[in-house]
Amino acid sequence: MIELKHISKTFNKGTVNEKRALSNLNLTIADGDFITVIGGNGAGKSTMLNALAGVFPVDCGTITIDGVNVTMEPEHKRAKYIGRVFQDPMKGTCAGMQIEENLSLAKRRGKTRGLGWQLKAEERVLYREQLATLGLGLETRLSDKVGLLSGGQRQAVTLLMATLQKPKLLLLDEHTAALDPATAAKVLKLTCEIVEENKLTSLMVTHNMRDAIAIGNRLIMMDNGRIIYDVAGEEKKRLTVEDLLHKFEEASGTEFANDRMMLGN
Amino acid sequence: MGSLQSGVAQGVLWGIMVLGVYITYKLLDIPDLTADGSFTLGGCVTTVAILAGIDPILATLMGLGAGFLAGAVTGILHTVFEIPAILAGILTQIGLWSVNLRIMGGKANNPLLKADSTISFFTDALGVTQSQASLLLGVLLVIAVILILYWFFGTEIGSALRATGDNEDMIRALGVNTGHTKLLALALSNALIGLSGAMVAQMQKYADINMGRGAIVIGLAAIVIGEVLLGRAKNFGVKLFSAILGSIVYFIIQALVLRFGMDANDMKLLSAIMVAVALAIPVAMRRYNTKKSYVEYDLYGAEAEQKTGGAEK
Ligand SMILES: Nc1ncnc2c1ncn2[C@@H]1O[C@H](COP(=O)(O)OP(=O)(O)OP(=O)(O)O)[C@@H](O)[C@H]1O
Ligand SMILES: [Mg+2]
């Protein structure tokens, strides 16, 4: 179980650019939850994910993962619990390193690294198997540089890397937003398969309301650094895009504004 | 012939420094200016230790260790106190100037005279000249260093170092403290640079407060020359070797221009121009190519229009 209690974060405190990105945010994530996150531009979605990953320290509140208080742990220490896929396909992989090297770096997420050899023959077999499950033909290109792959392929590899070492929490921040629609759909399908198969606890930010409704068992809507709507189970399945827009207006008193938001007709 | 041979020997011994620069500049993408100071530091520490009666091999290792510490200082300034890498390197380098003078007891120059050195073992045992012995020992050392680096960068820690240079955010998200990897890279790099200074001092039989001046530019020039000669080799071992080759060619060029009567002091200008040109060429090429490939009308669009136009008829 993962808990965010009274989390607040203000950027550029005490300057004209002061921006309260999270304000007194509370969220309890049960094991196996697959939560989709929606909200307007600047609602604080990415900030919440970054706070969970430890990219920056929060101003107040506590973050616990399976009872361990990780609030003050830096990003690299928290890495042992968390797998991430970023919006930018360039961000999740080392372009100048081989596919198998990238995978082997991810295989050791959160482990102490020593002077043992990085690429082990028996692991290579595993990587080949795992790459084959992506269905992109990458299993024959183990020693290709990742820089040679397309954005969609890189994103699929990043997804595999994030889950190679089963994380307690998988963070996906608009990870299909930079891909063309067909590739995005493919990567999204892969995401669902991997999450389901490994029963991963996940948070997925998306700008597609249809996807947000269809995917996962729980949906949260954010506005102004808070969670304004939290719905799960049967009730979530029955939602429509119109319902969501209505909920948003009701809770925030404004119209839903997200220039990248797709209503998903 | 003699000057060419000593040019090659110098190239090999300085090549160890080029490998150090390669680690920071090429693998970690950190321009580290500590080099000028840590090279001299290696020479100073080793000559002073030898003159104090310490075994030359141990004295050489002390030069290496001193370089390691100098790199660690830059690393701490950069990673713990977040001082930009270039500035952190300059601070250490400037500070080292005073430290080096102190080590040599206030003298700008510390001659080894007739004292034994790692190189004199070879001249005595094999009855060869100073530059032949330096070359022989240099080649052995370079082979050892390349083998160790090849091994190290294939290990888990070494791979984390390479990944830090490639995509820092990514490897941090995979649980690596990138402050530590950068610190380690800077220390290792300067350890090699210190070792190189220690060997060069033993070859020329003295350490000098200015012996490392411009070392970083020599390092970059050698890397550039090596890349030109061996192209963009894929194998990591070949890449390391190309740095050594570049260093040898650099010192051969230096020996040749000196023989043609050029002032030794102008060599620094020549190498600075060489590096500047090598760094400028790719940028100029890119500009030229974008300009050349620009056309006012969209060829593809026009073609496509014609085709659909044809289809409609
Ligand atoms: N590192 C930062 N420094 C300063 N301000 C920041 C920083 N990161 C986020 N912010 C601000 O915090 C607010 C929340 O940003 P966040 O990126 O979390 O929004 P988001 O919900 O992910 O929006 P989007 O849909 O556009 O990605 C915004 O006003 C943003 O400008
Ligand atoms: Mg965002």
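Chain naming here is simple, since letters A, B, ... match the order of the sequence lines and numbering starts at 1 in each.
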To the nearest 0.5 Å, how far apart are SG in A:Cys94 and CD in B:Glu168? 11.0 Å
What part of A:Ala106 lies closer than 4.5 angstrom to a heavy atom of chain B: side chain, backbone, both or neither? both
Taking every heavy atom of B:Ala173 against every heavy atom of A:Phe86, the minimum-distance pair comes out as CB-CZ, 4.4 Å
Those residues at least two apart in sequence (or on a different chain) that pass salt bridge (charged side-chain N to carboxylate O under 4.0 Å, His left out) with A:Arg141 are A:Asp144
Side chain / backbone / both / neither for A:Gln165 at chain B, heavy atoms under 4.5 Å: neither
Contacts of residues 58-66 of chain B with chain A (heavy atom under 4.5 Å): none
With a 4.5 Å heavy-atom cut-off (strictly below), which parts of residues 22-34 of chain B touch chain A? List them by number. none
Taking the side chain as C-beta and beyond, is there a heavy-atom pair between A:His76 and B:Val176 under 4.5 Å? no
Atom NZ of A:Lys120: over 12 foreign heavy atoms under 6.0 Å: yes
Residue part contacting chain B, namely of A:Thr93, when any heavy atom lies under 4.5 Å: backbone
Within a 6.0 Å radius of atom CZ on B:Phe153, are there more than 12 heavy atoms belonging to other residues, nucleotides or ligands? yes
Working note: B:Leu174 + A:Arg109, criterion side-chain contact (heavy atoms from CB on, under 4.5 Å); need CA distance, chi angles, decisive distance, verdict. CA-CA 5 Å; B:Leu174 292 181; A:Arg109 176 167 51 77; 3.8 Å; yes
Using only atom types and a distance under 3.5 Å, with no angle test, would you say the side chain of B:Asn167 pairs donor to acceptor with the backbone of A:Lys91? yes
Below 4.5 Å, heavy-atom pairs only: which of A:Lys80, A:Met97, A:Lys77, A:Arg78 has the largest tally toward chain B? A:Met97
Would you say NZ of B:Lys182 has more than 12 non-hydrogen atoms from neighbouring residues, nucleotides or ligands within 6.0 angstrom? yes
Okay, side chain of B:Asp166, backbone of A:Ala95: is any donor-acceptor separation there less than 3.5 Å? yes
Please determine whether the number of non-hydrogen atoms from other residues, nucleotides or ligands lying under 6.0 Å from atom CZ of B:Phe241 exceeds 12. no
Whatever's closer than 4.5 Å to a heavy atom in chain B on A:Met90 counts as backbone
Close side-chain approach of A:Leu115 to B:Trp151, heavy-atom, < 4.5 Å: yes
Selection from A:Ala162, A:Gly116, A:Ala53 maximising heavy-atom pairs under 4.5 Å formed with chain B: A:Gly116
Is it the side chain or the backbone of A:Lys107 that comes within 4.5 Å of chain B heavy atoms, both, or neither? neither
Close contacts, residues 155-165 of chain B versus chain A, judged by heavy atoms under 4.5 Å: B:Thr155, B:Glu156, B:Ile157, B:Ser159, B:Ala160, B:Arg162, B:Ala163
Mark yes when over 12 heavy atoms from residues, nucleotides or ligands other than B:Glu82 sit less than 6.0 Å from its CD; otherwise mark no. no
Region of A:Thr112 in contact with chain B, defined by heavy-atom distances below 4.5 Å: backbone
